[in-house]
Amino acid sequence: MATIFSRIVKGEIPCYKIAENDKFFAFLDINPVAKGHTLVIPKHETDYLFALDDMELAEMTVFAKKVALAIEKAIPCKRIGVAVIGLEVPHAHIHLIPITQEGDMDFKKEHVHMSEEEFLEVQRSIVERF
Ligand code: AMP
């Protein structure tokens with residue numbers, strides 16, 4: 001059965017898309033740790049990031065870098081933190097999170113609640129800078 005992320009790539013489930021190319025796809029996390037929290041995934045369905053072959057992982061990192069630089073320009077922050085967890089969705093993904101301090105990467109803290117309008121505004125702002 002297709003993962004929820006594969007269904008997002010196919011357009012079967014809506015998302016706030018940030019960018020895509022032939023191999024990778026980036027969209028806003030629906031339960032963000034911080035405003036601008038974005039997920040980067042390979043279109044090709046693989047459960048575990050480090051199960052990707054070397055070339056695909058390298059290309060995904062380069063794609064994620066481009067997304068991260070756009071987020072950094074769009075969202076006030078010191079840096080873009082990077083996390084790989086993958087315990088919830090069995091489709092490889094990289095979390096890109098705008099941070100100003102270490103605690104901003106804490107997935108256990110209360111997540112940010114964003115309205116539809118806020119998601120759309122964050123999406124627009126990042127897409128514009130991509
Ligand atoms: P993990 O697999 O532990 O790295 O977490 C999966 C992440 O995917 C979580 O941060 C979720 O909020 C996020 N997520 C799950 N479903 C969706 C969705 N439909 N759209 C956007 N993000 C999602």
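Just follow the structure's listing: the first ligand is 1, and inside any ligand the first atom is 1.
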In the protein, which heavy atom is nearest to [atom], and how far is it?
{"atom": "atom 6 (C) of ligand 1", "result": "H93 NE2, 3.6 Å"}
{"atom": "atom 12 (O) of ligand 1", "result": "D29 OD1, 2.6 Å"}
{"atom": "atom 16 (N) of ligand 1", "result": "F5 CE2, 4.1 Å"}
{"atom": "atom 22 (N) of ligand 1", "result": "I30 N, 3.2 Å"}
{"atom": "atom 15 (C) of ligand 1", "result": "E88 OE2, 3.7 Å"}

Below 3.5 Å, N or O to N or O, backbone or side chain included: is there any such pair between [X] and ligand 1?
{"X": "F107", "value": "no"}
{"X": "I85", "value": "no"}
{"X": "H37", "value": "no"}

Mark up the atoms of ligand 1 that fall under 4.0 Å of a heavy atom belonging to [X], in ascending order.
{"X": "L28", "value": "21 (C)"}
{"X": "G86", "value": "1 (P), 2 (O), 3 (O), 4 (O)"}
{"X": "L39", "value": "8 (O), 13 (C), 22 (N)"}

More than 12 heavy atoms of other groups within 6.0 Å of R79 CZ: no
Answer yes or no: are there more than 12 heavy-atom neighbours, outside K78 itself, under 6.0 Å from its atom NZ? no
Apply side-chain contact (heavy atoms from CB on, under 4.5 Å) to F5 and F25, showing your working. CA-CA 9 Å; F5 289 173; F25 194 94; over 6 Å; no
Does the distance from a Lys or Arg side-chain N to an Asp or Glu carboxylate O, for K35 and E118, drop under 4.0 Å? yes
Strictly below 4.0 Å, N to O, side chains only: are E128 and K73 in salt-bridge contact? no
Is the ring pair H37/H95 parallel, tilted or perpendicular, if the boundaries are 30 and 60 degrees? tilted
